[in-house]
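We count ligands from 1, going down the list as the structure has it; atoms in each ligand are counted the same way.
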Amino acid sequence: MSSHPAPSHAAAIDANQPTAETTASPEALSGEKKRLFIRTYGCQMNVYDSGRMTDVLAPFGYAPTDQPEGADMVVINTCHIREKASEKVFSELGRLRVLKEERRADGKDMILAVAGCVAQAEGEFILQRAPFVDIVLGPQTYHKLPEMVARAERAAASKTGRKTGVGILDTDFPLEPKFDHLPEPVAHGSAAFLSVQEGCDKFCTFCVVPYTRGAEYSRPVDDVLKEARLLVGQGVRELTLLGQNVNAYHGTSADGRELGLGDLCRELATIDGLERIRYTTSHPRDLDDALISAHAELPQLMPFLHLPVQSGSDRILKAMNRGHTAADYIAKIERLRQANPDLALSSDFIVGFPGETDADFDATMALVQTVGFVQAYSFKYSPRPGTPAATMEQQVPENVKSARLSALQALLSAQQDAFNQSCIGRDLRVLLDRTGRHDGQMVGRSPFMQPVHVTAPAELFGQVVTLRIVGATATSLAGELV
Ligand code: 5AD
Ligand code: SF4
């Protein structure tokens, strides 16, 4: 399951940095520029989808803006993974309703769309509870957004003064994959996401993803390579391959072979100019020999792996339907570390899964001690309607969940801090892909995903440079040019 790098499924990320020129000129078809604001919640898949929605709407005159005020269209790209994540949608909608009404009072309109996994799971309910919403679309239908927007624009024009939204709902799982209908992607920097796989058939008993994102689907190898070459041609140096269960990837190549993720990485590593490859999120069960050996062979494959284990108790892992034991997980980690001794690990954890005893929780703490993680996300179990665990007996009381979460997070933070401190004095290769808060400051990512702050000349922006690490905090590093 997916998460990271920013506090994963909890944080809101604006995928909406104003972009450089897009493939089709925004003015080309409509003659006027309209402002599009997209608020993204959840995983990197949603960040990627928001970027693609921006690309899809560009030829229709929509250009990104970084605030909802004054926008002609607002999309909230939602996350359904935990209860808190989906509650946020309705409070955000409440705020947007006010903006929409203010615009109407000025004789303008604001098309309001809800996309993503809450839309998929609760489409009808959204239209009932928030009738001012115009468009509800699932993750598999955003290529149809222009058509829906055109309908909404027509309805808005014919119904001035209307109080309710247009109420267009499309949460189908079309037979033809949306990727076949999307324009070419536009890079917004030197690091980019590339979606290679979607959906999940694993049915972990706590998780909504198999219901919201549907069955497992892998994009054909050539499509992935084409998109990768295009992005690298636009200056991208680092690609993160995305999938809800990315290492279940099994794409078909032009010559009819089926490639797993390890072989896909081998193909990508032949692209000139692509310096770094990452992938997320993986399932321990699907981590096969070909992928493990890719970590030994490919210098481009970064030595950082987000491999969620969720729990260290075999009893709980079984109840979660994870399909592996704690020992299986540890054995895979050992093999990965043999392939690349530098490999740093990250994970997701759930505490307070139904039936979790003190002994089960101790087993999770023991696993964390054994493996040693450089960062991790941990959550209290949150019952999701329609999932098997939601109706299991022995739900764990809230105060017990909270106490376990604090204990686990203290241990994980200590491990992260120790790892960051151990980086002081090392020379690390860092991709400088963001400007910092201070003059001349830039921020990049180390091979291990740590943000590294440095003062550097502007011409190094977008490059991978070697930095000597001279300082560390609990969550970031400071470097100097070597
Ligand atoms: N409750 C708490 N955490 C959950 N996750 C997924 N579903 C739930 C749930 N119902 C966590 C898992 C997953 C991460 C993205 O979110 O740890 O790996
Ligand atoms: Fe990940 Fe399990 Fe959810 Fe699939 S069902 S997305 S493997 S947590």
Original post:
Just checking, any donor-acceptor pair under 3.5 angstrom between side chains of N247 and Y279?
Top reply: no
**OP:** Using a strict cut-off of 4.0 Å, indicate which atoms of ligand 1 neighbour a heavy atom of F379.
**Re:** 3 (N), 11 (C), 14 (C), 16 (O), 17 (O)
**OP:** Check the pair Y381, F353 against ring-ring contact (aromatic ring centres under 6.0 Å, His included), reporting the backbone distance first and the verdict last.
**Re:** CA-CA 5 Å; Y381 168 69; F353 184 83; 5.4 Å; yes
Subject >> Contact atoms of ligand 1, heavy-atom distance to Q310 under 4.0 Å >> reply: 12 (C), 13 (C), 17 (O), 18 (O)
Subject >> Mode of I350 contact toward ligand 1 - side chain, backbone, both, neither (heavy atoms, under 4.0 Å) >> reply: side chain
Subject >> For P139 against G116, the heavy-atom pair lying closest together >> reply: CD-O, 3.6 Å
Subject >> Side chain S413, main chain Q409, donor-acceptor under 3.5 Å >> reply: yes
Subject >> Intermediate values then yes/no, ring-ring contact (aromatic ring centres under 6.0 Å, His included), F419 and F373 >> reply: CA-CA 8 Å; F419 178 67; F373 293 94; over 10 Å; no
**OP:** Give the numbers and elements of all ligand 2 atoms closer than 4.0 Å to a heavy atom of H283.
**Re:** 7 (S)
Original post:
Can you list the atoms of ligand 2 that are under 4.0 Å from a heavy atom of F206?
Top reply: 8 (S)
Original post:
At a non-hydrogen distance cut-off of under 4.0 Å, which region of P210 contacts ligand 2 (side chain, backbone, both, or neither)?
Top reply: side chain
Subject >> Proximity to ligand 1 by part of K380, non-hydrogen separation under 4.0 Å >> reply: backbone
**OP:** Check F203 against ligand 2 and report side chain, backbone, both or neither, counting heavy atoms closer than 4.0 Å.
**Re:** backbone
Original post:
Any N/O/S atom of C200 sitting less than 2.8 Å from atom 4 (Fe) of ligand 2, backbone or side chain?
Top reply: yes
**OP:** Indicate yes or no for a side-chain donor-acceptor contact from T252 to the backbone of G256 under 3.5 Å, with no hydrogens or angles considered.
**Re:** no
Original post:
What about R82: any of its N or O atoms under 3.5 Å from an N or O on ligand 1?
Top reply: yes
Original post:
Does R322 come within less than 4.0 angstrom of ligand 2, counting non-hydrogen atoms of the residue?
Top reply: yes
**OP:** Please find out if atom 2 (Fe) of ligand 2 and some N, O or S atom of C204 are separated by less than 2.8 Å.
**Re:** yes
**OP:** Flag R384 as yes when one of its N or O atoms lies below 3.5 Å from any N or O atom of ligand 1, and as no otherwise.
**Re:** no
Original post:
Do Q197 and S218 have side-chain atoms, one donor and one acceptor, less than 3.5 Å apart?
Top reply: no
Subject >> Contact check: P383 vs ligand 1, nitrogen or oxygen atoms, below 3.5 angstrom >> reply: no
Original post:
Donor-acceptor pair, D170 side chain versus T141 backbone, under 3.5 Å?
Top reply: no
Subject >> Atom CZ of R95: over 12 foreign heavy atoms under 6.0 Å >> reply: yes
Subject >> Flag for S402-K380: side-chain donor and acceptor within less than 3.5 Å >> reply: yes
Subject >> Per-atom contacts, ligand 2 versus K202 - under 4.0 Å to a heavy atom >> reply: 4 (Fe), 7 (S)
Subject >> Enumerated ligand 1 atoms positioned under 4.0 Å from heavy atoms of S382 >> reply: 1 (N), 2 (C), 9 (C), 10 (N)
